[in-house]
Amino acid sequence: MRFAVISSIWIDSKEFHRTAIANQHKRAAFTIKWLKMTHPIQINEKTERSERAQYPFLANAAFAVEAGLNMLEIDFQNVPADYLRALIYKIQFRPVLAETLLSEMALVERIALRGAAC
């Protein structure tokens, strides 16, 4: 699974977008996109159907956001929790385009750096 995600990120960012060198924002954006698309975390079949229906399964979106933000090397404590929840919701329930995530990652980095300066 890890190889499929890594190769998808590499092919998508290098071949389709014709970029020789990807900065940390682009790596974060494509990582989020492909982790969300591949759904590496699965629900166990033993989980009760009523329990699955009661709560939206946000683990893949949360994992994708955390993996992407780790590439930015920022302190999560400096990003407001409300903003992170909104980002996870957006990743889970909206179409994920790497190009828009790229600007989102730059914004998150600025928010975190500003929070560290306060």
Side-chain angles (χ1 to χ4, degrees):
M1 173 67 83
R2 185 175 9 176
F3 178 75
V5 171
I6 292 170
S7 62
S8 296
I9 293 167
W10 177 262
I11 290 168
D12 197 11
S13 67
K14 299 293 181 193
E15 294 186 17
F16 292 110
H17 296 278
R18 308 263 186 232
T19 303
I21 300 171
N23 66 16
Q24 72 271 19
H25 304 114
K26 189 168 191 175
R27 286 192 306 268
F30 279 91
T31 297
I32 291 170
K33 173 188 172 183
W34 282 101
L35 283 173
K36 173 60 175 113
M37 289 179 69
T38 56
H39 302 285
I41 302 170
Q42 303 292 320
I43 295 178
N44 187 336
E45 288 297 319
K46 294 178 182 175
T47 305
E48 301 231 359
R49 183 175 292 270
S50 61
E51 187 179 331
R52 280 186 266 167
Q54 189 175 8
Y55 303 102
F57 190 65
L58 300 174
N60 283 304
F63 175 65
V65 168
E66 184 172 347
L69 294 181
N70 278 327
M71 293 188 166
L72 299 179
E73 298 177 4
I74 60 172
D75 185 2
F76 286 86
Q77 299 298 322
N78 295 330
V79 180
D82 289 344
Y83 185 86
L84 290 175
R85 278 193 294 276
L87 183 58
I88 290 168
Y89 180 88
K90 184 188 305 185
I91 300 302
Q92 178 68 29
F93 297 109
R94 302 285 181 255
V96 178
L97 298 174
E99 294 79 7
T100 55
L101 284 173
L102 197 149
S103 60
E104 187 93 37
M105 294 300 100
L107 177 63
V108 169
E109 185 177 59
R110 290 188 110 188
I111 291 170
L113 292 175
R114 238 182 227 169
C118 294

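For residues 66-89, every residue pair satisfying the ring pair (Phe, Tyr, Trp, His ring centres under 6.0 Å) rule, not counting sequence neighbours, is listed here: Tyr89-Phe93.
By the criterion of side-chain heavy atoms lying less than 4.5 angstrom apart, applied directly or through intervening Ile, Leu, Val, Met, Phe, Trp or Tyr residues, Leu35 is not grouped with Leu102; the two fall into different hydrophobic clusters.
Taken from CD in Glu104 to CD1 in Ile111, the straight-line distance is 8.0 Å, to the nearest 0.5 Å. The structure places CG of Leu87 at 12.0 Å from CD of Glu66, a figure rounded to the nearest 0.5 Å. Note that the NZ atom of Lys33 and the OG1 atom of Thr100 stand 10.0 Å from one another [nearest 0.5 Å]. Rounded to the nearest 0.5 angstrom, Lys90 NZ and Ile88 CD1 are separated by 12.0 Å. The line from CG of Leu101 to NE2 of His25 is 12.5 Å long, rounded to the nearest 0.5 Å. Taking CE of Met105 as the reference point, atom CZ of Arg110 lies at 14.5 Å (rounded to 0.5 Å).
Between Ala112 and Asp75, the closest heavy-atom pair is CB-O, 4.3 Å. Nearest approach of Ala98 to Ala29, heavy atoms of both residues: O-CB, 3.5 Å. Taking all atoms of both residues into account, the shortest heavy-atom contact from Ala28 to Gly68 is CB-O, 3.2 Å. Pairing each heavy atom of Glu109 with each of Gln24, the nearest pair is OE2-NE2, 3.4 Å.
Lys26 is listed as a side-chain neighbour of Asn23, based on a closest heavy-atom distance under 4.5 Å.
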Go through the steps to decide whether Val79 and Leu69 satisfy the test side-chain contact (heavy atoms from CB on, under 4.5 Å), and finish with yes or no.
CA-CA 11 Å; Val79 180; Leu69 294 181; 5.8 Å; no

